[in-house]
Amino acid sequence: MFAYLAGVAAGLEFVLYELPAALAFYDRRIFAPFQSCRSWLFDMLPFSFGDILYFAAGVAVAVGLVKWIKWGIGFKAHKADLLKSFLISIIILAVVVLLFIVGWGGNYAKEPLAKYWHLPMTPNNRTTVKTGLVALDELLVARLNAGASSYRNRSFDDLERDAVAWYRIFTDSKVKAHGLHIKPSIYAYPLEHLGFDGYYNPFTGEGQINSGLPGFILPFLICHEMAH
């Protein structure tokens with residue numbers, strides 16, 4: 001079973017990176033419908049199902065490690081249990097990898113956005129690009145400073161509601177009826193100390209952010225995770 005699943009995952013990775021037609025099929029016929037379905041499903045939940053899933057996976061791994069240690073100590077009496085558990089764990093890992101590829105990982109085979117958008121990124125104009133980015137940053141900083149005196153914090157729910165509306169108005173994405181909502185992560189404290197402001201769950205298609213961050217950065221984070 002493991003060899004079969006590993007072969008499927010490896011073969012899928014190969015065709016996605018080597019065959020443009022396969023990548024286009026994955027994008028339109030596999031990823032898009034799958035994302036649409038799970039977005040519709042998990043959008044109905046007021047909490048992050050992905051966070052719960054990660055918690056359950058963490059508990060399962062911890063319990064499994066305890067069992068392995070226990071069986072390792074009494075190896076002669078439990079070697080069959082240890083081998084069976086190890087094989088099951090390998091199969092589960094292969095399934096997880098396959099689900100990751102189907103649920104998000106296949107997108108890494110796509111062209112970089114700079115190439116897809118035909119942006120000029122040759123070595124000769126890197127200085128020009130850098131100058132343009134610096135100019136854009138200075139413009140944004142100036143506008144932020146200009147509005148600083150009238151700035152007021154807004155609630156996460158208000159910002160998220162506005163972000164959904166903006167996404168539906170200003171983008172041509174077909175995913176507008178559902179799948180846009182971002183949820184506060186229950187791991188806000190660990191995320192903050194690990195240096196993460198938010199993350200996209202490749203298994204559930206949900207976007208989560210640390211809603212406890214300063215209010216001025218939340219609009220960017222919400223829109224960033226929503227863009228996934």
Side-chain angles (χ1 to χ4, degrees), residues 1-19 22-23 25-110 178-179 182-210 225 228:
M1 177 65 73
F2 169 71
Y4 173 76
L5 292 173
V8 170
L12 183 58
E13 279 280 281
F14 175 81
V15 298
L16 289 177
Y17 277 92
E18 300 298 330
L19 302 177
L23 179 60
F25 179 84
Y26 161 81
D27 188 38
R28 294 194 303 267
R29 303 299 182 186
I30 298 178
F31 175 73
F34 182 52
Q35 174 69 16
S36 181
C37 180
R38 62 184 177 177
S39 294
W40 172 82
L41 177 63
F42 296 123
D43 251 15
M44 297 186 294
L45 300 177
F47 57 89
S48 170
F49 183 78
D51 280 356
I52 304 300
L53 187 65
Y54 280 159
F55 177 79
V59 171
V61 169
V63 171
L65 288 175
V66 170
K67 286 185 177 180
W68 283 10
I69 293 173
K70 178 182 177 181
W71 291 338
I73 294 173
F75 179 75
K76 290 184 178 181
H78 297 284
K79 57 183 179 182
D81 295 324
L82 186 59
L83 178 60
K84 180 181 178 181
S85 178
F86 179 75
L87 292 176
I88 291 175
S89 299
I90 293 296
I91 292 173
I92 292 175
L93 179 61
V95 171
V96 169
V97 171
L98 186 59
L99 288 176
F100 171 77
I101 295 173
V102 172
W104 180 253
N107 289 299
Y108 291 120
K110 294 180 180 178
H178 53 264
I182 302 301
K183 302 173 183 179
S185 176
I186 63 174
Y187 305 121
Y189 185 77
L191 284 176
E192 184 173 350
H193 285 269
L194 290 172
F196 294 99
D197 297 328
Y199 75 97
Y200 171 84
N201 192 307
F203 302 105
T204 64
E206 297 172 292
Q208 292 83 202
I209 68 167
N210 176 4
E225 297 302 335
H228 283 293

Atom [atom1] in [X], atom [atom2] in [Y]: separation rounded to 0.5 Å?
X	Y	atom1	atom2	value
Thr204	Ile52	OG1	CD1	11.0 Å
Leu16	Ile30	CG	CD1	7.5 Å
Ile182	Ile209	CD1	CD1	7.5 Å
Asn201	Phe42	CG	CZ	8.5 Å

More than 12 heavy atoms of other residues, nucleotides or ligands under 6.0 Å from [atom1] of [X]: is that the case?
X	atom1	value
Phe203	CZ	yes
Tyr17	OH	yes
Phe47	CZ	yes

Answer yes or no: is there a donor N or O on one side and an acceptor on the other, between the side chain of [X] and the main chain of [Y], under 3.5 Å?
X	Y	answer
Tyr108	Ile101	no
Tyr187	Phe55	yes
Asn107	Trp104	yes

Which atom pair, heavy atoms only, marks the closest approach of Ser185 to Tyr199?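 So the two residues come closest at OG-CE2, 4.1 Å.
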Minimal non-hydrogen separation, Pro202 against Tyr54, with atom names: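 Nearest heavy atoms, Pro202 then Tyr54: CD-OH, 3.7 Å.
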Donor-acceptor list for residues 70-85 side chains, cut-off 3.5 Å, not counting sequence neighbours:
| unit_1 | atom_1 | unit_2 | atom_2 | d |
| --- | --- | --- | --- | --- |
| His78 | ND1 | Asp81 | OD2 | 3.3 |
| Ser85 | OG | Trp68 | NE1 | 2.8 |

Using the rule side-chain hydrogen bond (donor to acceptor under 3.5 Å, both in side chains), only one of Gln208, Glu206, Glu225 pairs with Lys183; which is it?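 It is Glu206, the one option of Gln208, Glu206, Glu225 that forms the side-chain hydrogen bond (donor to acceptor under 3.5 Å, both in side chains) with Lys183.
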